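Input: a single structure, listed below in structure tokens.
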2 protein chains.
Amino acid sequence: MKIDERKQRVLEAIIKDYVATAEPVGSRTIARKYNLGVSPATIRNEMADLEEMGFIEQPHTSAGRIPSQFGYRYYVDCLMETYTLSEMEENLIRSRFLQKMGDLEQVIQETGKFLSWITNYTAIISGPGPVVYGRFKTVELLPLQERAALLIVITESGAVIHKKIELPESVTPIDLMRISQVMSDKLQGITLNELRRTILMELYDELQREKNLLQIIIDLLEETLKASEWEKVYLGGIINILNQPEFHNIEKVRRILGVLEKENEIRELLNEGSEEGITVRIGGENRQEEFQECSVITITYEIKGEAAGRVGLLGPTRMEYPRTAALLKHAARALSEVLRGF
Amino acid sequence: MKIDERKQRVLEAIIKDYVATAEPVGSRTIARKYNLGVSPATIRNEMADLEEMGFIEQPHTSAGRIPSQFGYRYYVDCLMETYTLSEMEENLIRSRFLQKMGDLEQVIQETGKFLSWITNYTAIISGPGPVVYGRFKTVELLPLQERAALLIVITESGAVIHKKIELPESVTPIDLMRISQVMSDKLQGITLNELRRTILMELYDELQREKNLLQIIIDLLEETLKASEWEKVYLGGIINILNQPEFHNIEKVRRILGVLEKENEIRELLNEGSEEGITVRIGGENRQEEFQECSVITITYEIKGEAAGRVGLLGPTRMEYPRTAALLKHAARALSEVLRGF
DNA sequence: CATTAGCACTCGACGAACGAGAGTGCTAAC
DNA sequence: GTTAGCACTCTCGTTCGTCGAGTGCTAATG
């Protein structure tokens with residue numbers, strides 16, 4: 001779809017104004033505020049064309065125009081120039097991420113809070129999958145009660161994963177210790193990803209006698225490490241939804257919050273367009289019908305160079321795309337930087 | 001404050017009706033629906049008295065009456081008969097808590113979801129403080145990077161508490177191992193509560209050389225174990241707030257959600273009346289001014305007979321006190337029962 | 001031929017007016 | 001002490017008219 005220079009400028013003006021005011025914008029306003037050098041009448045003609053092409057729409061006759069979903073898409077893809085963070089914004093991000101934020105979970109939650117605070121949208125973040133925890137350091141099996149033990153995996157990066165497991169009757173604490181010992185020895189230094197491979201064979205050899213138990217433990221280990229288990233999701237600034245005039249309607253808010261209460265939905269929201277870079281999903285591009293009036297920008301963050309999880313911002317379709325995207329990018333980079341030390 | 005039998009019945013009728021309908025209730029309604037055997041006119045007289053005494057109020061002349069906060073308080077304290085769960089409710093609770101719910105965190109979250117679902121209010125729960133984790137089993141210090149180590153505490157009940165700590169420069173892995181060793185030996189079998197006592201002295205003796213480091217570690221241990229750190233709080237059914245007609249106003253919702261986003265506030269909400277049994281806080285009895293129109297019922301749950309955390313329900317002052325309290329009691333008991341196995 | 005001024009027209013927002021309905025308080029009768 | 005009767009009050013929903021913003025069309029303009 002080709003549109004000429006002036007139409008572009010009109011469209012851009014409409015979007016900018018609507019993003020700022022949340023009110024339908026009329027020809028007069030554009031002529032006044034964005035000096036395109038033409039009269040309202042001309043702009044009206046352009047608007048009529050833009051509407052016919054599907055970039056903008058009219059809530060009702062004799063109202064101004066608002067951008068359509070398609071219009072936003074065009075804007076995001078073709079029109080929008082990259083936003084340069086203000087010095088203050090840069091500083092805010094920098095100083096925020098220089099501060100101590102505690103352990104991994106806290107860092108992630110703080111990032112969410114920060115992003116929601118600075119953008120006024122709602123932040124959604126998925127915690128890192130286990131993939132990125134790095135290499136095994138120790139594996140321990142501590143006897144608990146009669147037939148239960150605690151499986152503790154510690155990785156070189158300092159992540160601790162623990163899970164209570166049930167044992168088949170016939171295991172003594174001594175056995176457990178032996179198994180721990182052997183597993184620690186064998187698994188030390190390999191990555192969790194490599195677990196499935198030949199190492200297992202070695203283990204089997206070593207622990208012929210406890211084959212059964214070992215099988216159980218390995219299964220459990222794998223299960224425990226499965227991504228879905230570990231990709232917890234976090235929310236920041238739910239309230240911000242209520243700040244948007246388009247959501248001053250309880251019914252809409254309820255439906256959106258309803259979705260946000262379900263971890264899976266959020267995960268989907270985050271991962272759907274899971275390319276490497278930044279993803280912008282506008283209105284109906286979201287699978288959830290509750291989010292027809294929302295846009296979601298997401299981006300991947302890394303731990304030690306490997307994609308770890310995603311962080312995103314959820315706002316109305318009338319979103320400050322350039323600024324939000326820029327902030328998100330910078331924050332993701334800063335987050336990855338902080339997590340390098342983990 | 002003494003009020004006669006009939007006034008009580010009128011008050012009770014007003015409360016019941018208002019709780020059910022959320023509409024001011026008039027004399028005619030009471031006469032019709034709750035057969036007190038007197039005419040509306042008589043009831044009107046009683047209502048005038050009740051109003052003068054502060055139990056009920058009038059939103060405006062020529063509206064019906066609604067219970068005042070004081071009225072609810074009187075109702076909860078003196079009038080309300082205990083609610084017997086329906087068979088279905090009993091079954092729901094039973095079957096819910098018989099199911100596997102995974103680890104501690106999951107159990108707690110599921111409890112919250114369940115309670116919010118069955119009551120239509122918002123559930124708030126604090127996770128168990130460290131107090132209940134029982135006795136030390138092992139204490140480990142694993143070297144991570146140059147000047148960082150991982151402190152891992154495992155208790156006999158299988159809880160794992162871990163925290164990354166920073167070291168003063170001068171510590172070798174060997175030292176760390178020695179310290180771990182000694183600490184494990186000395187601390188094994190004592191409860192976390194006893195930590196502060198004489199044991200520390202022994203430790204100091206044993207580890208003269210590492211006095212400095214030990215001090216740091218002990219401090220850290222204490223800090224890490226401090227209740228506030230560990231008492232994570234969970235929310236269930238935030239949306240339910242939106243279902244209440246009194247919160248169909250965005251501004252109110254925003255203020256309430258604003259508070260609910262702050263962990264500390266929730267903790268306060270839960271712990272303020274931290275007697276053993278059930279606590280009901282009505283409207284202004286909550287310290288937060290945002291909760292003037294809310295009531296909170298909380299109760300303690302236990303792990304192995306020791307108070308562990310609190311679980312509560314947050315709803316409008318117009319709350320179904322008897323039913324909510326009964327459900328909460330039963331759920332807390334069931335929860336404690338499930339947690340016995342932890 | 002693109003642009004623009006002018007103008008009639010449309011539609012929602014807002015406020016005033018108004019009647020209906022619910023509920024009260026008071027008085028007087030039972 | 002209780003109740004019927006009644007005037008009074010206040011809210012809520014409806015209707016109606018006005019206002020203003022904004023459009024689309026037409027004809028004039030450079």
Side-chain angles (χ1 to χ4, degrees), chain A residues 2-11 13-18 20-68 71 245-246 248-249, chain B residues 2-11 13-18 20-68 71 245-246 248-249:
Chain A
K2 283 178 61 177
I3 63 180
D4 69 43
E5 169 74 16
R6 196 172 62 190
K7 283 197 179 40
Q8 284 194 358
R9 297 190 56 196
V10 172
L11 177 57
I14 293 175
I15 291 181
K16 282 190 177 160
D17 208 77
Y18 185 66
T21 64
E23 298 289 336
V25 20
S27 53
R28 241 180 80 83
T29 314
I30 293 183
R32 212 180 336 109
K33 292 211 281 185
Y34 306 81
N35 42 354
L36 306 191
V38 290
S39 77
T42 310
I43 291 176
R44 277 204 290 282
N45 290 330
E46 299 287 33
M47 283 163 100
D49 292 348
L50 282 169
E51 179 162 10
E52 199 176 358
M53 289 187 268
F55 290 105
I56 55 179
E57 39 199 40
Q58 235 176 340
H60 55 86
T61 349
S62 91
R65 305 303 213 291
I66 63 177
S68 70
E246 38 267 86
H248 264 20
N249 165 336
Chain B
K2 281 178 61 177
I3 63 180
D4 68 45
E5 169 74 16
R6 196 172 61 189
K7 282 196 179 43
Q8 285 194 357
R9 296 190 57 196
V10 172
L11 176 57
I14 293 176
I15 291 182
K16 282 192 176 160
D17 208 76
Y18 185 66
T21 63
E23 297 289 335
V25 20
S27 52
R28 243 180 77 85
T29 314
I30 292 183
R32 210 180 336 111
K33 293 211 282 186
Y34 306 81
N35 41 354
L36 306 192
V38 290
S39 77
T42 310
I43 293 177
R44 277 204 288 284
N45 289 330
E46 298 288 32
M47 283 163 100
D49 292 349
L50 282 169
E51 180 163 11
E52 200 176 358
M53 289 188 268
F55 289 105
I56 56 180
E57 40 199 41
Q58 235 176 340
H60 55 85
T61 347
S62 92
R65 306 304 214 290
I66 62 177
S68 69
E246 37 267 86
H248 264 22
N249 165 336

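This one's a predicted model, so the numbers in the text were calculated from it and none came from an experiment. Naming: A, B, ... by sequence-line order, numbering from 1 per chain.
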Is S68(A) reaching over with its side chain to a backbone N or O of G54(A), donor-acceptor style, under 3.5 angstrom?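 Yes; at least one donor-acceptor contact below 3.5 Å.
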OP1 or OP2 of [N] under 4.0 Å from side-chain N/O of [X]:
X      : N       : value
R32(A) : dG22(D) : no
R65(B) : dA22(C) : no
T61(B) : dT24(C) : no
R44(A) : dA21(D) : no
T42(A) : dT4(C)  : yes

Could you state the atom-to-atom distance from [atom1] of [X] to [atom2] of [N] in whole Å?
X      : N       : atom1 : atom2 : result
M47(B) : dA22(C) : CE    : P     : 15 Å
Y18(A) : dG22(D) : OH    : P     : 14 Å
I56(A) : dG22(D) : CD1   : P     : 14 Å
D17(B) : dG23(C) : CG    : P     : 10 Å
N45(A) : dA27(D) : CG    : C1'   : 14 Å
L36(A) : dA2(C)  : CG    : C1'   : 16 Å
E46(B) : dC26(C) : CD    : C1'   : 17 Å
I30(A) : dG22(D) : CD1   : C1'   : 12 Å

At what distance, to the nearest 0.5 angstrom, does NZ of K16(B) lie from CD1 of I14(B)?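 One gets 13.0 Å once the value is rounded to the nearest 0.5 Å.
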Working to the nearest 0.5 Å, report the span between NZ of K33(A) and CG of D17(A).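 Answer rounded to 0.5 Å: 4.0 Å.
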Locate the shortest heavy-atom distance separating M47(B) from G26(B); write the atom from each residue and the value.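 Where M47(B) meets G26(B) most closely, the heavy atoms are CE-C, 4.2 Å.
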Between K7(B) and F55(B), is there a side-chain heavy-atom distance shorter than 4.5 Å?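 No. Closest side-chain heavy atoms not under 4.5 Å.
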Base dG22(D) to side chain R28(A), donor-acceptor N/O within 3.5 Å cut-off: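 Looking at the base of dG22(D), it does not pair with any donor or acceptor on the side chain of R28(A) (distance under 3.5 Å).
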With no angle test and no hydrogens, is the base of dT24(C) tied to the side chain of S62(B) by a donor-acceptor pair under 3.5 Å?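 Answer no: no donor N or O sits under 3.5 Å from an acceptor.
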State which of dT4(C), dG25(C), dA4(D) makes the closest approach to the side chain of S39(B).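 That would be dA4(D).
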Closest to the H60(A) side chain: dT2(D), dC10(D), dC11(C)?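 Of the options given, the side chain of H60(A) lies nearest dC11(C).
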